[in-house]
Visitor: 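Pasting a structure below so you can have a look.
Lettering of chains follows the sequences in order, A, B, ..., and the numbering in each one begins at 1. This one's a predicted model, so the numbers in the text were calculated from it and none came from an experiment.
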Amino acid sequence: MTSVLVVDDVHASYGRFDVLRGISLRVASGELVAVLGPNGAGKSTLLKTIAGFLAPRQGSITLHGEAIGGLRPPALLRKGIAYVMQRSSLFPKMTIQENLELGAYVRETTDEVRTDIERVLALFPRLAERRRQRAEGLSGGERRMLEIGRGLLLRPRLLLLDEPTMGLAPLVMDLIFDKILEVRATGTTVVMVEQNARRALEVSDRAYVLEQGQTRVEGRGEELLRSEAVRRAYLGSGTAGR
Amino acid sequence: MTAEIVLQSVVSGLMFGGVIALVAVGISLIWGVMDVINFAYGEYLMWAMYLTFFLYAGAGLDPLVSVPVNALVLFAAGVLTYRLVIARVMRGPIFAQLLSTFGLFVLLRYAAWLLFRPDDRQAQSLVSNGVVKLGELRVSTGELVAFVGSVLATTALFWFLTWTKTGKALRAVAQDREAALALGIEPDRLYAIAWGISAAAAGVAGSLVSSFMYVNPLVGDVFLLPGFAAVALGGFGNVYGAFAGGLVIGVVNVTGGTLTMPKVKLALVYLVFLAVLFMRPRGLFGGRRQ
């Protein structure tokens, strides 16, 4: 299978503080890849670096074989990388419809975009019912749905999700994971940073476990779930993580 | 003092308030999008009035006809100001931003003083000397046209912000710059547009008031303080609130001056400004960005 994204020996830092210390990963077309690890491992920094919010100090990042390391977010969006931040990134005073429209900002406003908005609203019926309401009135789960839906409006070749279920109730969390699987089923390649390691491993095709800015473990989701070492180190006693 | 006089002053205040509303929306746009206070805003308006005057004196252009010319020239001036001055100081501390627009204020005012001297000048318009009677009330046609023109310009701006792609992007940048960038919206480009639109609003206001007001290098003061008071009243950075604030401040300015003494009307406006800041530091009508 061809690689959509290749991250090779990437180093990145905030000022003098090195966060990524030689990370490498590879994501194939149509895959759902989870990035796991303890707090401070560099998971979110990795996504920020791929999305262009942080320039790599060393190493290379390629998308479909084209070097993209150091490009700014607007340029990367045009190449098909959508990034859903960890924090809430909605425009609270704008309606759901307007938030979605802005997801297609770099595309020409055409009937195609309008059709895509309807498609996203069909994927998230709870948003469809409230499309004329301001985003500030949405619940945590609905906000996450809107952010993911907005990312899809780009028709991304690669969707980066930073902790999509953070702070959500278990039922809502399941719903979000289901939606992510639906998105993957449409052929979109997804890289997802997640704190909920067990659930992430259950739904993902493959996963990388980071520690101190480096890749420690890599493997298929179900393999890592079965690995005693991974369970002990990253999933607690074997029942935690949910 | 009769009720008729008070009512007349309220109507006159509303006419002036329409222009202040446009000014306040112009100030509020920059404030809302970039958190920058443009102390030079009144000076842009003053330069727009000079441009109107010279177009009248040199080419015989009626001030109303010069509205689109002024809007275009001031739009370009706003974009240039952003590119040459503001974009650079945005990387510095907030005091650098404050001082840069204050510096622009001094530069624009005294450049006008040097070039045009402090003499009063006025362009004549077809609507300069007419009076419209509404029952017992009278409104000068110049003021009425300025009011209608300001309301139309503000409506056009609101339409732009609500319905166009660029307008929505401007509102998005105002609410969350980083999130907007993550969607491919270039804040730098939007900031330049915001400065252009804001200055263009001053350009339109400058043309509209030129048919009934003298221009001199100090005329910006007539608009700046009421404009700031309207912005405070409307909620800092809230362009829709700024419009409503402008109408209220216009009435306070004119009716307050009529009920007390004309000399103290600006003091009354300032009193409203301080009272609002004292009671609601984020502004009276909310203060959240739109």
Side-chain angles (χ1 to χ4, degrees), chain A residues 44 47-48 50-54 71-110 113-114 132 134-136 143 146-156 159-162, chain B residues 25 28-29 31-35 87 90-91 157-194 231 234-244 282-290:
Chain A
S44 293
L47 288 204
K48 278 186 184 170
I50 299 169
F53 280 85
L54 192 64
L71 292 182
R72 294 187 68 246
L76 290 167
L77 279 155
R78 288 186 172 86
K79 293 188 183 297
I81 297 182
Y83 168 51
V84 178
M85 297 175 176
Q86 186 183 100
R87 67 169 178 87
S88 174
S89 61
L90 295 178
F91 306 112
K93 297 286 173 189
M94 299 174 88
T95 64
I96 290 166
Q97 172 82 20
E98 287 174 326
N99 269 280
L100 288 173
E101 285 170 11
L102 286 170
Y105 181 78
V106 297
R107 294 171 59 186
E108 293 298 316
T109 308
T110 57
V113 170
R114 281 187 277 277
R132 304 284 167 210
R134 284 181 174 191
E136 64 189 345
R143 280 168 188 249
L146 181 51
E147 283 164 339
I148 294 170
R150 198 173 62 178
L152 293 176
L153 259 301
L154 185 71
R155 284 196 176 177
L159 177 64
L160 306 173
L161 301 174
D162 197 349
Chain B
V25 167
S28 191
L29 185 67
W31 201 325
V33 172
M34 296 180 68
D35 279 331
M90 284 300 283
R91 292 178 220 125
L157 179 55
F158 287 172
W159 181 88
F160 171 80
L161 289 173
T162 308
W163 297 109
T164 68
K165 191 173 176 178
T166 307
K168 287 173 189 173
L170 265 172
R171 286 158 58 210
V173 168
Q175 289 176 47
D176 191 332
R177 182 183 183 280
E178 195 187 35
L181 184 63
L183 300 178
I185 299 167
E186 291 274 16
D188 187 60
R189 181 176 155 266
L190 272 299
Y191 290 160
I193 291 173
V231 169
F236 297 99
N238 178 345
V239 288
Y240 306 106
F243 179 76
R282 291 179 67 92
L284 203 57
F285 301 154
R288 292 294 302 272
R289 270 128 199 229
Q290 302 298 302

Visitor: Does any non-hydrogen side-chain atom of A:Met94 lie less than 4.5 Å from one of B:Lys168?
Guide: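 B:Lys168 reaches A:Met94 side chain to side chain.
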
Visitor: Rounded to the nearest 0.5 Å, what separates atom CZ in B:Arg171 from atom CG in A:Leu102?
Guide: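 It is 8.5 Å, given to the nearest 0.5 Å.
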
Visitor: Which pair of non-hydrogen atoms, one from B:Ala179 and one from A:Ser89, has the smallest distance, and what is that distance?
Guide: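 Taking every non-hydrogen atom into account, CB-O, 3.3 Å.
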
Visitor: Look up atom NZ in B:Lys165 and atom CD in A:Glu108, then write down how far apart they are to the nearest 0.5 Å.
Guide: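 With rounding to 0.5 Å, NZ (B:Lys165) is 6.0 Å from CD (A:Glu108).
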
Visitor: Tell me if a side-chain donor or acceptor on B:Glu186 pairs with a main-chain N or O of A:Pro74 at a distance below 3.5 Å.
Guide: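 Between the backbone of A:Pro74 and the side chain of B:Glu186 there is no qualifying donor-acceptor contact (under 3.5 Å).
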
Visitor: Can you find a pair of side-chain heavy atoms, one from B:Glu178 and one from A:Phe53, that are under 4.5 Å apart?
Guide: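 Of all side-chain heavy-atom pairs linking A:Phe53 with B:Glu178, at least one is under 4.5 Å.
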
Visitor: So which atom in B:Gly184 and which in A:Val106 form the shortest heavy-atom distance, rounded to 0.1 Å?
Guide: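 Shortest heavy-atom separation between B:Gly184 and A:Val106 comes out as CA-CG1, 3.8 Å.
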
Visitor: Quick one, B:Asp176 and A:Arg87 - any side-chain contact, counting heavy atoms below 4.5 Å?
Guide: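 Yes. Closest side-chain heavy atoms under 4.5 Å.
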
Visitor: Which heavy-atom pair separates B:Leu181 from A:Leu77 by the least distance, and what is that distance?
Guide: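 B:Leu181 and A:Leu77 have their closest heavy atoms at O-CD1, 3.9 Å.
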
Visitor: Which atom names give the shortest non-hydrogen contact between B:Leu183 and A:Tyr105, and what distance separates them?
Guide: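 Answer, listing the atom of B:Leu183 first, then A:Tyr105: O-CB, 3.8 Å.
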
Visitor: Answer yes or no: are there more than 12 heavy-atom neighbours, outside B:Arg177 itself, under 6.0 Å from its atom CZ?
Guide: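 At most 12 heavy atoms, drawn from other residues, nucleotides or ligands, come within 6.0 Å of this atom.
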
Visitor: Chain B heavy atoms under 4.5 Å from A:Ala104: which part of the residue, side chain, backbone, both or neither?
Guide: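 Just the backbone, heavy atoms under 4.5 Å.
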
Visitor: Please classify the contact between A:Glu101 and chain B as side chain, backbone, both or neither, with a heavy-atom cut-off of under 4.5 Å.
Guide: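 For A:Glu101, the contact with chain B is made by the side chain alone.
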
